[in-house]
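Everything on this sheet refers to the single structure shown next.
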Amino acid sequence: MKLYNTLSRRAEEFHPGGDTVLLYVCGLTPYDEPHAGHAMSAVVFDVLRRYLEFRGLSVRHVQNFTDIDDRIIQRANRAGVDTGTLVGQYVESYLRDLRTLNVLPAHHYPRVTEEVPAIVEMIQGLLERGYAYGVDGDVYYRVTRKPDYGRLSHRALESMVAGARVDSDERKEHPGDFALWKAAKPGEPAWPSPWGPGRPGWHIECSAMALRYLGATLDIHGGGADLIFPHHENEIAQSEAYTGKPFARWWVHNGWMLLNGEKMSKSLGNTVGMREAIERYGADAFRLFVLTSHYRSPLNFTDEALRSMRRGVQRLASAANAELPGRGEPFDSEPFRRRFIEAMDDDLGTPGAVAVLFELAHAVHRGRDAGQDVRAAQATLRELASVLGLALAAEAEEEAAADAVPFIELLLEVRQELRALRQFTVADKIRGRLSELGIAVEDTPEGSRWRPVRE
RNA sequence: GGCGACGUGGCCAAGUGGUUAAGGCGGGGGACUGCAAAUCCCCUAUCAGCGGUUCGAAUCCGCUCGUCGCCUCCA
């Protein structure tokens with residue numbers, strides 16, 4: 001398959017370096033509830049992983065949590081709890097939401113605070129090799145030491161300095177130098193180190209954890225497009241300075257999520273909670289929303305868009321789950337599978353793949369009407385949908401409050417008798433009232449069916 | 001100021017040199033139905049504007065207008 005590489009700014013034919021695809025994805029800093037943008041990123045890399053596995057590759061997936069930083073300390077102080085408590089709460093919330101979203105769990109979720117010795121060791125090595133220097137208990141990376149600094153974000157060191165809007169710390173040799181280790185201020189959580197008590201800087205953790213859990217050279221390093229600079233640029237610098245080997249063969253970045261046309265981010269205060277988004281529209285609808293546009297494009301979160309996805313999911317689910325008799329000529333769904341693969345092979349072309357799913361759903365309905373045996377096509381539809389992580393569950397029993405199911409069925413039974421007696425006014429009233437309560441009733445030749453409808 | 005992305009039907013969104021310009025949602029008409037719903041059939045775009053390259057451009061180049069992002073914490 002072809003996969004776009006931020007390093008070369010081109011889609012390149014992807015082959016892992018070894019038997020297993022080594023995938024490292026930058027996770028989040030759990031200082032607040034995760035939002036829909038985090039969910040988007042999770043879905044994108046989940047689909048990448050699922051597709052690689054579908055194509056017969058095994059994948060080792062690591063995603064970190066940056067569980068110590070200024071914002072975490074700030075929030076914890078404000079809330080009057082220790083940082084571990086605060087972090088634990090948001091990590092748990094995020095992992096729970098990932099499960100709801102049907103995101104496959106990573107093989108490891110390392111956390112900075114549990115990797116401090118490995119980080120210290122790495123910083124030590126960088127100091128020894130002359131890539132870092134200490135000042136008053138801080139340690140900085142020396143960006144001028146390696147000539148290729150800036151090759152991921154495609155910018156020259158000089159231009160960064162020229163455009164810098166931040167007051168440069170006078171103690172740094174170069175304004176672009178960044179902290180590997182930060183000396184502890186009074187009252188801050190701190191770990192011992194050869195340079196005194198402190199904590200790791202923002203970028204070093206990923207380098208250390210990637211090295212420890214996946215090795216010196218990753219196949220794919222992923223994250224949001226905003227991480228390209230400075231985070232990923234700095235990771236490359238540190239890692240390659242330390243190991244002398246290429247850090248990642250592919251750099252894959254997902255586009256931003258916008259809310260009503262503006263970047264969704266906590267600092268702008270325009271976020272939609274991950275949980276809220278999933279609960280309001282459903283996991284499948286959210287995933288479909290993400291996958292209907294290309295992963296590198298910005299994605300605009302609007303109520304209208306999400307609602308339309310919810311309808312689309314119903315369409316796919318109805319085709320995938322309809323109980324059909326196995327009679328007639330078998331319908332050949334292989335061309336759909338080929339087109340699905342063709343789309344996905346082209347830099348994870350999920351929009352095209354989704355289109356194939358809808359066409360296959362359509363073909364299932366058509367084939368049924370034409371008296372064909374479409375059960376194999378339904379199986380293909382479910383299989384390909386699952387590559388995109390779409391559950392297409394027969395939601396009826398699952399989602400409605402379990403307690404209500406017997407009553408719904410009782411009402412439908414009564415209604416059926418009324419219809420047999422041609423008491424349509426009352427029968428329609430039952431259907432109408434159930435609809436208002438979020439239960440859609442469909443009469444078919446085989447009897448009445450119902451399903452919950454989100455509002 | 002530097003770097004980058006984008007502008008396709010009512011909405012969302014593919015396509016990046018030659019196909020009838022995917023697909024979804026919505027809308028209109030029809031079939032089915034007691035009526036609906038679901039489903040099926042039909043209809044619903046010339047690609048921001050201008051100029052250029054080419055036998056041929058939504059697709060390449062230039063300019064204009066507009067939107068967004070990165071350069072600072074951020075998936």
Side-chain angles (χ1 to χ4, degrees), chain A residues 9 25-29 31-32 34-45 63 66 69-71 150 153-156 158-167 176 202 222-231 233 253-258 261-268 271 274 288-289 291-294 296-300 302 304-316 318-319 322 339 343 346 349-359 361-362 364-366 368-370 419 422-425 427-428 431-432 435 440-445 448-451 453:
Chain A
R9 289 182 170 171
V25 180
C26 276
L28 43 80
T29 303
Y31 71 97
D32 203 347
H35 58 70
H38 298 119
M40 171 194 182
S41 193
V43 166
V44 165
F45 289 101
Q63 179 174 320
T66 302
D69 99 318
D70 290 340
R71 291 161 300 175
S153 52
H154 302 95
R155 53 189 91 194
E158 308 81 66
S159 74
M160 295 178 211
V161 178
R165 280 185 262 152
V166 180
D167 293 337
W202 176 35
D226 59 308
L227 295 178
I228 296 171
F229 189 89
H231 187 52
E233 194 68 63
H253 294 100
N254 64 274
W256 272 95
M257 181 170 278
L258 310 177
E262 290 234 309
K263 182 176 81 168
M264 180 182 289
S265 85
K266 288 173 194 167
S267 43
L268 294 178
T271 63
M274 181 164 171
L288 197 62
F289 168 62
L291 299 173
T292 293
S293 83
H294 190 80
R296 286 191 281 115
S297 304
L299 184 60
N300 193 15
T302 64
E304 194 184 3
L306 270 295
R307 291 169 85 93
S308 82
M309 295 305 154
R310 208 161 50 184
R311 299 274 300 131
V313 166
Q314 280 172 13
R315 182 176 178 77
L316 293 176
S318 112
R339 289 175 49 216
D346 184 9
T350 57
V354 166
V356 172
L357 253 42
F358 276 102
E359 288 176 32
H362 190 211
V364 164
H365 287 133
R366 280 181 71 122
R368 172 203 59 192
D369 290 356
R419 291 181 68 218
R422 307 191 67 76
Q423 300 286 321
F424 294 123
T425 312
D428 289 352
R431 184 174 63 195
S435 168
V441 175
E442 297 171 8
D443 298 326
T444 75
S448 297
R449 280 204 313 262
W450 64 274
R451 60 187 166 81
V453 178

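Protein chains get the first letters and strands the later ones, always in sequence-line order, with residue 1 at the start of each.
When distances are taken from the side chain of A:Arg155 to each of B:rG69, B:rG23, B:rC71, the shortest belongs to B:rC71. When distances are taken from the side chain of A:Arg368 to each of B:rG26, B:rU39, B:rG23, the shortest belongs to B:rU39. The nucleotide whose nearest atom lies closest to any side-chain atom of A:Ala305 is, among B:rA75, B:rC70, B:rC12, B:rC12. With B:rC12, B:rA37, B:rA75 as the candidates, the nucleotide lying closest to the side chain of A:Glu442 is B:rA37. Closest to the side chain of A:Leu227, from the set B:rG23, B:rA75, B:rG24, is B:rA75. When distances are taken from the side chain of A:Met264 to each of B:rC71, B:rA14, B:rA75, the shortest belongs to B:rA75. Counting only heavy atoms from C-beta on, A:His365 has its side chain closest to B:rU39 among B:rA75, B:rC41, B:rU39.
Base pairing analysis places B:rU46 opposite nothing; no Watson-Crick or G-U wobble pair with both distances below 3.5 Å involves it. With a 3.5 Å ceiling on both atom-pair distances, the Watson-Crick or G-U wobble partner of B:rA31 is B:rU39. Across all strands shown, the partner of B:rC6 is B:rG66, judged by Watson-Crick or G-U wobble contacts whose two distances both fall under 3.5 Å. With both pairing distances under 3.5 Å, B:rC73 is matched to nothing as a Watson-Crick or G-U wobble pair.
Taking atom CZ of residue A:Phe229 and atom C1' of nucleotide B:rA75, one finds them 18 Å apart after rounding to whole Å. Between the CG atom of A:Leu258 and the C1' atom of B:rA13 there is a distance of 14 Å, given to the nearest Å. Between the CZ atom of A:Arg451 and the C1' atom of B:rA37 there is a distance of 8 Å, given to the nearest Å.
A:Glu304 pairs by the salt bridge (charged side-chain N to carboxylate O under 4.0 Å, His left out) definition with nothing, not counting sequence neighbours.
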Contact string for nucleotides 29-34 of chain B, one letter per nucleotide 5' to 3', B = base within protein heavy-atom range under 4.0 Å, S = sugar-phosphate only, - = neither, reads -----B
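The ring of A:His365 has its center no closer than 6.0 angstrom to the ring center of A:His362.
In the model, A:Arg296 has no side-chain atom that pairs as donor or acceptor with a side-chain atom of A:His253 under 3.5 Å.
Residue contacts shown for A:Val441 include a base, since a base heavy atom lies under 4.0 Å away.
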